[in-house]
Novice: 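The structure's right below; bear with me while I get my questions together.
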Amino acid sequence: MRAIVVSTPGDSSVLEYTEIPDPVPGPGEVLIDIAASGVNFIDIYHRIGRYEMPSPFVPGSEGAGTVAAVGSDVTDIAVGDKVAWANIPGSYAERAVIPATHVIPLPDGVDPETAAALLLQGLTAHYLTHSTYHVQPGDDVLVHAAAGGMGLLLTQVAKLCGARVIGTVSTAEKEKLAREAGADHVFRYEGFADAVKDLTGSGVHVVYDGVGAATFEGSLASLRPRGMLALYGAASGPVPPFDPQRLNPLGSLFLTRPTLHHYVLTRDELLARAQDVFGWATAGDLTVHISRRYPLADARQAHDDLESRRSTGKLLLIP
């Protein structure tokens with residue numbers, strides 16, 4: 001089969017489009033013919049070595065498609081089922097073997113492309129707004145990169161929770177997208193902390209920050225006393241070492257660095273979150289913005305577009 005393989009960490013040029021042996025499912029595993037693979041910042045972190053991976057490896061952390069074969073002891077998933085998965089590497093390929101415990105059946109009304117565009121970031125938006133900080137009606141919420149794939153979903157889910165959402169973006173085009181997703185106020189990055197404080201008076205209840213180094217200090221300055229900074233990514237680079245004593249004079253703030261893995265520790269939790277996310281989508285409460293589809297062979301271009309922040313919404317690779 002054809003796949004993207006990374007043999008050594010580096011820039012997008014290390015994404016090699018090549019042929020590798022067809023995978024075979026073992027006990028507890030499912031073989032999936034991939035219809036679409038989501039492109040996410042975690043794929044870039046894997047590629048550059050920020051998150052260490054065994055080499056060589058096939059990148060890609062989410063996908064969707066049709067079950068082609070199952071291991072001998074898999075009983076609740078059948079050949080021909082439409083399924084998706086997230087947070088398991090190997091989706092930049094024509095086929096992938098995935099543990100059956102991580103495979104999620106697609107409900108009626110959710111096609112594989114929508115699932116591949118929605119699942120990982122949708123699950124992330126769910127745990128951030130329902131578990132890391134449970135957004136309540138009337139809360140003020142700051143969402144950075146509000147026009148990206150993650151930001152658009154976070155904005156919509158926070159609005160479903162009843163929040164007033166403030167977004168940050170870099171361009172007028174991205175501001176339009178953020179407002180269409182439901183953002184009540186949208187600011188540029190320069191001086192955003194002052195703008196947030198002027199608007200809210202005391203600051204926001206929570207900041208969802210996937211940008212990292214470039215926004216970290218402003219995120220802290222945007223919080224009200226006892227507010228929470230959920231630092232769930234580092235698109236602009238990792239935050240330098242931080243003295244937790246600083247949280248005290250800033251208002252007894254909370255700082256957390258969550259990741260999806262710890263919020264789907266059981267299959268029941270995974271399926272419950274996925275059911276909510278797909279349910280919102282089928283009900284029309286959650287819109288997935290797929291901005292571009294690339295042939296699998298063009299994975300380098302997809303990474304370049306995401307990394308340079310030229311893109312909006314979700315990027316997909318199509319085998």
Side-chain angles (χ1 to χ4, degrees), residues 1-6 15 17-25 28-47 51 53 57-71 74 77-107 110-125 149-150 153 260-261 264 267 270-271 273-274 277-278 281 288-303 306 311 313-319:
M1 70 173 185
R2 305 297 292 183
I4 300 295
V5 175
V6 174
L15 297 169
Y17 182 60
T18 186
E19 190 164 320
I20 63 174
D22 281 319
V24 177
E29 294 180 331
V30 176
L31 174 66
I32 301 169
D33 287 330
I34 299 173
S37 304
V39 180
N40 297 283
F41 259 100
I42 194 170
D43 305 339
I44 293 172
Y45 301 157
H46 289 158
R47 189 202 76 213
Y51 298 165
M53 297 287 287
F57 69 94
V58 175
S61 299
E62 70 179 332
T66 304
V67 175
V70 299
V74 176
I77 299 167
V79 172
D81 286 353
K82 303 295 184 184
V83 297
W85 75 93
N87 220 32
I88 299 291
S91 68
Y92 287 14
E94 293 177 330
R95 299 176 196 88
V97 166
I98 304 297
T101 53
H102 290 74
V103 172
I104 300 169
L106 298 188
V110 177
D111 62 85
E113 284 197 6
T114 299
L118 176 60
L119 189 56
L120 190 147
Q121 291 179 336
L123 292 172
T124 301
M150 188 67 237
L153 292 177
L260 175 60
H261 170 73
V264 289
R267 180 159 178 77
L270 172 65
L271 292 178
R273 294 192 192 279
V277 170
F278 287 147
V288 182
H289 179 72
I290 301 173
S291 62
R292 189 168 175 186
R293 298 164 175 83
Y294 304 77
L296 180 61
D298 291 345
R300 292 178 181 177
Q301 185 63 56
H303 272 223
L306 183 61
S311 63
K314 187 72 176 189
L315 308 181
L316 294 180
L317 294 178
I318 309 298

Novice: For the atom pair CG (Leu106) and CG (Leu118), what is the distance rounded to the nearest 0.5 Å?
Specialist: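 Result: 10.0 Å between the selected atoms.
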Novice: Specify the closest pair of heavy atoms between Asn40 and Leu306, including all atoms of both residues, with the distance to one decimal.
Specialist: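 Of all heavy-atom pairs spanning Asn40 and Leu306, the closest is C-CD2, 3.7 Å.
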Novice: Using a 4.5 Å cut-off on heavy atoms from C-beta on, say whether the side chain of Ile32 contacts that of Trp85.
Specialist: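 Trp85 vs Ile32: side chains touch.
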Novice: Can you confirm whether Pro59 sits close enough to Arg47 that some side-chain heavy atom of one is under 4.5 Å from a side-chain heavy atom of the other?
Specialist: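 No, side chains not in contact.
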Novice: Backbone N or O of Arg2 within a donor-acceptor pair of the Glu94 side chain at under 3.5 Å?
Specialist: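 Side chain of Glu94 to backbone of Arg2, a donor-acceptor pair under 3.5 Å: yes, one is there.
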Novice: Please round to the nearest 0.5 Å and tell me the distance separating atom CD1 of Ile290 and atom CZ of Arg292.
Specialist: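 Going from CD1 on Ile290 over to CZ on Arg292, the span is 14.0 Å.
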Novice: Any chance you could measure His303, atom NE2, to Leu317, atom CG, to the nearest 0.5 Å?
Specialist: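 CG of Leu317 is found 7.0 Å from NE2 of His303.
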Novice: Has Arg267 got a side-chain atom pairing as donor or acceptor with Val103's backbone, closer than 3.5 angstrom?
Specialist: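 Such a contact is found between Arg267 side chain and Val103 backbone.
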Novice: Taking the side chain from Asp81 and the backbone from Val83, do they hold a donor-acceptor pair closer than 3.5 Å?
Specialist: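 No.
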Novice: Roughly how far, to the nearest 0.5 Å, is the CZ atom of Arg293 from the OG atom of Ser37?
Specialist: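 Interatomic distance, Ser37 OG to Arg293 CZ, rounded to 0.5 Å: 13.0 Å.
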Novice: Answer yes or no: is there a side-chain heavy-atom contact under 4.5 Å between His102 and Asn87?
Specialist: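 No, too far: nothing below the 4.5 Å cut-off.
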Novice: With side chains defined as the heavy atoms from C-beta onward, is the minimum distance between Ile104 and Leu271 less than 4.5 Å?
Specialist: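 They are in contact (side-chain heavy atoms under 4.5 Å apart), so the answer is yes.
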Novice: Please name the pair of heavy atoms, one in Ser291 and one in Leu315, separated by the smallest distance, quoted to 0.1 Å.
Specialist: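 Closest approach of Ser291 to Leu315: OG-CD2, 3.3 Å.
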Novice: Any heavy-atom pair between the side chains of Glu29 and Val74 that's under 4.5 Å?
Specialist: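 Result no, sub-4.5 Å side-chain heavy-atom pair not found.
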Novice: Ala116: which residues meet the side chain to side chain contact (heavy atoms under 4.5 Å, CB included) condition with it, sequence neighbours left out?
Specialist: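 Partners of Ala116 by the side chain to side chain contact (heavy atoms under 4.5 Å, CB included) criterion, ordered by chain and then number, come out as Ala36, Ala64, Leu316.
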Novice: Looking at every heavy atom in both Pro112 and Ala35, which two are closest together, and how far apart are they?
Specialist: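 Scanning both residues, the minimum pair turns out to be CB-CB, 3.8 Å.
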Novice: Taking the six-membered ring for Trp and the full ring for Phe, Tyr or His, determine whether the centres of Tyr92 and His46 are under 6.0 Å apart.
Specialist: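 No, ring centres 6.0 Å or more apart.
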Novice: Walk me through it: do Glu113 and Val288 pass the test side chain to side chain contact (heavy atoms under 4.5 Å, CB included)?
Specialist: CA-CA 10 Å; Glu113 284 197 6; Val288 182; over 6 Å; no
Novice: Quick one: do Ile20 and Val58 satisfy side chain to side chain contact (heavy atoms under 4.5 Å, CB included)? Show the steps, please.
Specialist: CA-CA 10 Å; Ile20 63 174; Val58 175; 4.0 Å; yes
Novice: Rounded to the nearest 0.5 Å, what's the gap from OG1 on Thr66 to NZ on Lys82? Could you check?
Specialist: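 Atom-to-atom, Thr66:OG1 and Lys82:NZ are 3.0 Å apart.
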Novice: Checking side chain to side chain contact (heavy atoms under 4.5 Å, CB included) for the pair Leu31/Val70: CA distance, chi angles, key distance, verdict?
Specialist: CA-CA 6 Å; Leu31 174 66; Val70 299; over 6 Å; no
Novice: So do Leu296 and Ile34 actually touch side chain to side chain, heavy atoms under 4.5 Å?
Specialist: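 No. Closest side-chain heavy atoms not under 4.5 Å.
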Novice: Is any side-chain heavy atom of Thr114 less than 4.5 Å from a side-chain heavy atom of Phe278?
Specialist: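 Not touching, per the 4.5 Å side-chain cut-off.
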Novice: Search all heavy atoms of Glu62 against all heavy atoms of Ala115 and return the closest pair with its distance.
Specialist: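 Scanning both residues completely, I find the closest heavy atoms to be OE1-O, 4.4 Å.
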Novice: Do you know which two heavy atoms are closest between Leu153 and Gly122, and how far apart they sit?
Specialist: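 Minimum heavy-atom contact is CD1-N, 3.7 Å.
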Novice: Any heavy-atom pair between the side chains of Leu123 and Leu270 that's under 4.5 Å?
Specialist: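 In short, these two side chains touch, coming nearer than 4.5 Å.
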Novice: Would you name the heavy atoms of Pro89 and Met53 that are closest together and state the gap between them?
Specialist: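 So the two residues come closest at CB-CE, 3.9 Å.
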Novice: Working to the nearest 0.5 Å, report the span between OG of Ser61 and CG of Leu119.
Specialist: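 Ser61 OG to Leu119 CG: 11.5 Å, rounded to 0.5 Å.
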